[in-house]
Amino acid sequence: MRARLLAWYDREGRTLPWRIRPEERVAGRVADAYAVWLSEIMLQQTTVAHAAPYYAKFLSLWPTVHDLADAPREDVMAAWAGLGYYARARNLHACAQAVSRELGGVFPSDLEGLRALPGIGEYTAHAIRAAAFNLPASVVDANVERVITRVFRIEAPLPSAKPDIRKHAASLADPARPGDYAQAIMDLGAVICTPRAPSCGACPWAAHCAARAAGDQERYPVKAAKKVKPVRHGLAFVVLRGEGEGREVLVRTRPDKGLLGGMLEVPGTDWVVDAGALPGFSEAAPLALRWREAGRITHVFTHFELRLTVFAAPLSGEANLPDGARWVGVHPIRAAGLPTAMKKAVQAAL
DNA sequence: GATCCGTGGCC
DNA sequence: TGGCCAAGGAT
């Protein structure tokens, strides 16, 4: 099976900016561990298509781990805006600083050393070992889970089936080409063994796949039932000053931890389940201005749905700003520093 | 082990 | 159109 998979990968595997292709590896090209690490962090719960432009931007802005370590954190957060899961950006910066300042800029190649760094967990440690150092590893991500549960027709639901999946995956790994093998099985999941309508006719493992034999590939992986998302309500206040290219909006930085930690937001109320418990807009507003209700926006987070009523007001002249508040331009390049929910709120007020 | 963390594309 | 899904980690 491993020979069939690697032959398929040699032929059909994707060429990605951070990837060393088998022919390049044979020619002696060695991966840049910094680039591999950067790609792995960005690809956590994120598609290749979405992460790729950010990867190019980060490498261009900060070509080495030392450059990233020395960058102001707010620049890193702003560059990350739109990618989601902002703890990744905070950990990315902290990890770069640890590698640059404590490890001389050299990424560890052992699992313990990698796992000790912020933002690097079980999967990412193995992925870096395989892709950057071509060392033996056991990469189990969502792609591998899908492939393995189908090949072995595993009925137990995720996540409890994980140890069983890991055991089966390890039995198939190729010790001679660990880097290529890890990327091959993930490519197989991404390109052939897709969640819906898998291309079994083109799969190198079709003849060995129990689910394929039974004809119920799409039943796997079986997943535990998910919970319903509660709805939370809040008020958001968009204060605008200036016109045209110079137009600005009043923002503040969210607390370091928790939802959208360290990101910018417009002033607003807490987000509560009971809409009736919200204060009146005049009571909650950050400044006493002539407010108008500009609209309502909805944004769905991982575990709740947010509905914001957006109030807008122009500000001319000077005012005593609330603590921590400052102005940023609303033209696209600066608006890109806002997470999506806040972009929607600002947009509703324009 | 369960929960908390974004976002955009897909059918 | 809305639920599902994506190269997970931290607590």
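Below, chains carry the letters A, B, ... as their sequence lines are ordered, and counting in each starts from 1.
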TODO: May I ask you to test the A:Cys193-A:Val151 pair for a side-chain heavy-atom distance under 4.5 Å?
DONE: no
Open item on the list: Taking the minimum atom-to-atom distance to the side chain of A:Asn91, which one of C:dA7, B:dT7, C:dA10 wins?
Closed with: C:dA10
Task: A:Tyr85 OH - B:dG8 P separation (whole Å) - done: 13 Å
Open item on the list: Whether A:Thr46 contacts C:dA7 is assessed here as follows: a side-chain N or O lying under 4.0 Å from the phosphate OP1 or OP2. Is that the case?
Closed with: no
TODO: Establish, from distance only, whether the side-chain atoms of A:Tyr220 and A:Glu155 form a donor-acceptor pair under 3.5 Å.
DONE: yes
- [ ] With a 4.0 Å heavy-atom cut-off, tell me which residues in residues 140-150 of chain A come close to DNA chain C, sorted by residue number.
- [x] A:Asp141, A:Ala142, A:Asn143, A:Arg146
Task: Stepwise ring pair (Phe, Tyr, Trp, His ring centres under 6.0 Å) test for A:His303 and A:Phe301 - done: CA-CA 6 Å; A:His303 55 296; A:Phe301 290 101; 7.6 Å; no
Open item on the list: With a sphere of 6.0 Å drawn around CZ of A:Arg292, does it hold more than 12 non-hydrogen atoms of other residues, nucleotides or ligands?
Closed with: yes
Task: Phosphate-side-chain proximity, A:Gln45 and C:dA6, N/O vs OP1/OP2 below 4.0 Å - done: no
Task: Pairwise P distance, B:dG8 and C:dG9 [rounded to whole Å] - done: 22 Å
Open item on the list: How many whole angstroms separate atom CH2 of A:Trp80 from atom P of B:dC5?
Closed with: 18 Å
Open item on the list: Students often get this wrong, so: under 4.0 angstrom with heavy atoms, is A:Lys162 touching a base, only sugar-phosphate, or nothing?
Closed with: nothing
- [ ] Check the distance between C:dA10's P and A:Arg90's CZ and give it to me in whole angstrom.
- [x] 12 Å
Open item on the list: Just to be sure I understand the geometry, which residues of residues 11-22 of chain A put a non-hydrogen atom under 4.0 Å away from DNA chain C?
Closed with: A:Arg14, A:Leu16, A:Trp18, A:Arg19
Which atom pairs, one a donor and one an acceptor, fall under 3.5 Å between side chains of residues 48-56 of chain A and the rest of the protein, sequence neighbours left out?
{"from": "A:His50", "atom 1": "NE2", "to": "A:Gly82", "atom 2": "O", "distance (Å)": "3.4"}
{"from": "A:Tyr54", "atom 1": "OH", "to": "A:Ala81", "atom 2": "O", "distance (Å)": "3.0"}

Open item on the list: Rounding to an integer number of angstrom, what distance separates C:dG8 and B:dG1 when you compare their C1' atoms?
Closed with: 16 Å
- [ ] Hey, which sits more toward the 5' end of DNA chain B by its nearest nucleotide, A:Lys227 or A:Ala341?
- [x] A:Lys227
- [ ] Please say whether more than 12 non-hydrogen atoms of neighbouring residues, nucleotides or ligands are located less than 6.0 Å from CD in A:Glu245.
- [x] no
TODO: Could you tell me whether the side chains of A:Arg166 and A:Ser138 share a donor-acceptor contact shorter than 3.5 Å?
DONE: yes
Task: Salt bridge flag under 4.0 Å for residues A:Arg177 and A:Asp10 - done: yes
Open item on the list: Tell me the interatomic distance from A:Trp37, atom CH2, to C:dA7, atom C1', rounded to whole angstroms.
Closed with: 16 Å
Open item on the list: Does B:dC5 have OP1 or OP2 under 4.0 Å away from a side-chain N or O of A:Lys257?
Closed with: no
- [ ] Indicate yes or no: does A:Glu305 engage A:Lys229 in a salt bridge with an N to O separation below 4.0 Å.
- [x] no
Name every donor-acceptor pair, under 3.5 Å, that has one atom in a side chain of residues 231-238 of chain A and the other anywhere in the protein, sequence neighbours excluded.
none

TODO: Run the salt-bridge test on A:Asp216 and A:Arg153 with the 4.0 Å N-O cut-off and return the result as yes or no.
DONE: yes
Task: Rounded interatomic separation in angstrom, taking NZ from A:Lys229 and P from B:dC5 - done: 13 Å
TODO: Could you check which residues of residues 296-305 of chain A get a heavy atom under 4.0 Å from DNA chain B? Sort them by number, please.
DONE: A:His299, A:Val300, A:Phe301, A:Thr302, A:His303
Open item on the list: Just to be sure I understand the geometry, which residues of residues 109-133 of chain A put a non-hydrogen atom under 4.0 Å away from DNA chain C?
Closed with: A:Pro118, A:Gly119, A:Ile120, A:Gly121, A:Glu122, A:Tyr123, A:Thr124
Open item on the list: Would you say A:Tyr86 places a side-chain N or O within less than 4.0 Å of OP1 or OP2 belonging to B:dT7?
Closed with: yes
TODO: Could you identify which residues of residues 184-201 of chain A place a heavy atom less than 4.0 Å from some atom of DNA chain C, listed by residue number, or say none?
DONE: A:Met186, A:Pro195
Open item on the list: Give me the distance, rounded to whole Å, that separates C:dA7 from B:dC5 when you measure between the P atoms they each carry.
Closed with: 23 Å
- [ ] Pick base, sugar-phosphate or nothing for A:Leu83, based on heavy-atom distances below 4.0 Å to the nucleic acid.
- [x] base
Open item on the list: Are the side chains of A:Leu240 and A:Pro314 in contact, using a 4.5 Å heavy-atom criterion?
Closed with: no
TODO: Output all residues satisfying ring pair (Phe, Tyr, Trp, His ring centres under 6.0 Å) with A:Tyr181, sequence neighbours left out; order by chain, then residue number.
DONE: none
Task: Rounded distance in Å - CE (A:Met77) to P (B:dT7) - done: 11 Å
Task: Donor + acceptor pair across side chains of A:Glu293, A:Thr309 (<3.5 Å) - done: no
Open item on the list: Without decimals, in angstroms, what is the distance between A:Gln44 CD and B:dG6 P?
Closed with: 13 Å
Open item on the list: Could you work out, with ring pair (Phe, Tyr, Trp, His ring centres under 6.0 Å) as the rule, every residue matching A:His66, not counting sequence neighbours?
Closed with: none
- [ ] Can you tell me which residue pairs pass the salt bridge (charged side-chain N to carboxylate O under 4.0 Å, His left out) test with a partner in residues 187-208 of chain A, sequence neighbours excluded?
- [x] A:Arg14-A:Asp187, A:Arg19-A:Asp187
Open item on the list: Run the ring pair (Phe, Tyr, Trp, His ring centres under 6.0 Å) test against A:His168 and tell me which residues pass, sequence neighbours left out.
Closed with: A:Phe152
- [ ] Please determine if a side-chain N or O atom of A:Lys223 lies less than 4.0 Å away from the OP1 or OP2 oxygen of C:dA6.
- [x] yes
- [ ] Could you tell me which residues satisfy ring pair (Phe, Tyr, Trp, His ring centres under 6.0 Å) with A:Trp8, sequence neighbours excluded, listed by chain and number?
- [x] none
TODO: Using whole Å, report how far CG of A:Leu92 lies from C1' of C:dA10.
DONE: 16 Å
